[in-house]
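Right, one structure below, let's go through it.
Just so it is clear, the model here is predicted, and its values are computed rather than measured.
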Amino acid sequence: MTYYAVFDTNVLVSSLLTKNDDATTAKVIYEIASKRIIPIYSKEIFEEYNEVLHRDKFPFTDERIDGLLRVIVQFGILVEPTPTGIELPDEKDVVFYEVVMDKRDDDAYLVTGNKKHFPDRQYIVTPSEMMDIIDNE
């Protein structure tokens with residue numbers, strides 16, 4: 001089965017930071033290349049990914065960042081989300097919520113390390129919960 005997922009930026013950061021290939025943040029990203037997860041993103045989300053991953057505080061090489069972003073573009077779906085009017089504690093999180101809502105007809109998930117930043121919904125999951133969903137299909 002194939003799943004659609006919008007990745008919160010913190011998941012991408014964690015996937016690049018880990019040295020453990022068995023870490024769930026790494027595993028969910030690997031699922032993109034295996035085509036079990038189709039990433040969904042907007043122009044605004046992609047710009048955030050690019051900006052955050054290039055911050056000096058992170059030890060990521062341009063090659064690793066560009067490789068990850070290339071995979072997202074190659075296997076992903078760019079969407080122009082419809083505004084939902086939702087207000088979240090961090091207004092930068094609104095676009096992630098709106099992208100997942102735009103693809104809910106496709107049973108899309110929002111994968112985040114900070115579920116408390118979003119409404120309590122079954123489709124807002126941690127990387128570990130996303131892997132459980134995939135593994136229990």
Side-chain angles (χ1 to χ4, degrees):
M1 182 167 194
T2 302
Y3 300 89
Y4 294 88
V6 58
F7 292 97
D8 197 348
T9 309
N10 61 60
V11 175
L12 300 186
V13 169
S14 295
S15 74
L16 290 176
L17 282 173
T18 189
K19 305 234 185 291
N20 180 359
D21 288 344
D22 287 331
T24 55
T25 54
K27 286 181 176 181
V28 294
I29 299 304
Y30 296 150
E31 293 298 338
I32 297 171
S34 72
K35 299 182 182 176
R36 289 176 66 186
I37 293 179
I38 297 172
I40 51 177
Y41 63 97
S42 68
K43 180 182 175 198
E44 186 177 348
I45 288 173
F46 191 83
E47 288 170 357
E48 178 176 321
Y49 290 165
N50 193 44
E51 187 273 322
V52 170
L53 295 175
H54 280 96
R55 288 182 182 164
D56 290 339
K57 69 180 181 177
F58 296 123
F60 313 139
T61 63
D62 287 343
E63 182 179 60
R64 286 189 72 206
I65 295 167
D66 293 345
L68 176 57
L69 296 179
R70 228 180 355 264
V71 165
I72 290 170
V73 170
Q74 179 181 353
F75 295 103
I77 298 172
L78 175 65
V79 300
E80 181 64 41
T82 304
T84 62
I86 192 166
E87 292 183 22
L88 298 174
D90 183 348
E91 70 179 50
K92 288 184 177 182
D93 289 333
V94 170
V95 68
F96 293 89
Y97 184 81
E98 290 177 341
V99 167
V100 78
M101 293 308 296
D102 203 63
K103 296 298 279 180
R104 277 302 301 148
D105 289 343
D106 296 319
D107 291 328
Y109 293 88
L110 192 161
V111 183
T112 180
N114 296 314
K115 283 176 61 173
K116 66 181 184 246
H117 292 186
F118 297 95
D120 184 17
R121 304 285 189 270
Q122 68 182 17
Y123 52 86
I124 299 176
V125 297
T126 65
S128 180
E129 290 168 335
M130 188 74 235
M131 289 309 302
D132 287 343
I133 291 166
I134 291 170
D135 292 340
N136 293 317
E137 65 179 33

Within one Ile-Leu-Val-Met-Phe-Trp-Tyr cluster: Val73 and Tyr30, side-chain cutoff 4.5 Å: no
Option passing side-chain contact (heavy atoms from CB on, under 4.5 Å) with Leu110 (candidates Asp93, Val99, Val11, Val100): Val100
Donor-acceptor under 3.5 Å (Asn20 side chain, Asp22 main chain): yes
By salt bridge (Lys or Arg N to Asp or Glu O under 4.0 Å) - contacts of Arg55 (at least two apart): Glu51
Residues forming a ring-ring contact (aromatic ring centres under 6.0 Å, His included) with Phe7, sequence neighbours excluded: none
Side-chain donor/acceptor of Thr18 to backbone N/O of Ser14, under 3.5 Å: no
Shortest non-hydrogen contact between Glu98 and Pro83, atoms and distance: OE2-CA, 3.3 Å
Any side-chain heavy-atom pair of Leu17 and Phe60 under 4.5 Å: yes
From CD (Gln122) to CG (Asp107), nearest 0.5 Å: 9.0 Å
Leu12 versus Ile29, closest heavy-atom pair with distance: CD2-CD1, 3.5 Å
Would you be so kind as to tabulate the donor-acceptor pairs closer than 3.5 Å made by side chains of residues 37-47, with sequence neighbours excluded?
| from | atom 1 | to | atom 2 | distance (Å) |
| --- | --- | --- | --- | --- |
| Ser42 | OG | Glu44 | N | 3.4 |
| Ser42 | OG | Ile45 | N | 3.1 |

Residue Asp120 excluded, over 12 heavy atoms near CG under 6.0 Å: no
Crowding at CG, Asp56 (>12 non-hydrogen neighbours, <6.0 Å): no
Closest heavy-atom pair and its distance - Lys27, Asp21: CG-O, 4.0 Å
All pairs passing ring pair (Phe, Tyr, Trp, His ring centres under 6.0 Å) where residues 91-137 contributes a residue, at least two apart: none
Partners passing side chain to side chain contact (heavy atoms under 4.5 Å, CB included) against Ser34 (at least two apart in sequence or in another chain): Glu31, Arg36
Ile72 side, atom CD1; Ile32 side, atom CD1 - distance, nearest 0.5 Å: 5.5 Å
Given Thr84, Val6, Thr82, the one that forms side-chain contact (heavy atoms from CB on, under 4.5 Å) with Met101: Thr84
Nearest non-hydrogen partners of Lys92 and Glu48, listed with the distance: O-OE1, 4.3 Å
Any pair counted as side chain to side chain donor-acceptor pair (under 3.5 Å), so long as it reaches residues 57-75, sequence neighbours left out: His54-Asp62
Interatomic spacing from OG1 in Thr2 to CD1 in Ile134 - rounded to 0.5 Å: 9.5 Å
Inter-residue atom distance Asn50.CG - Leu68.CG, 0.5 Å rounding: 10.5 Å
Nearest atoms (heavy-atom pairs only) where Thr25 meets Pro127: CG2-CG, 3.9 Å
Non-hydrogen side-chain atoms of Val28 and Met131 separated by less than 4.5 Å: yes
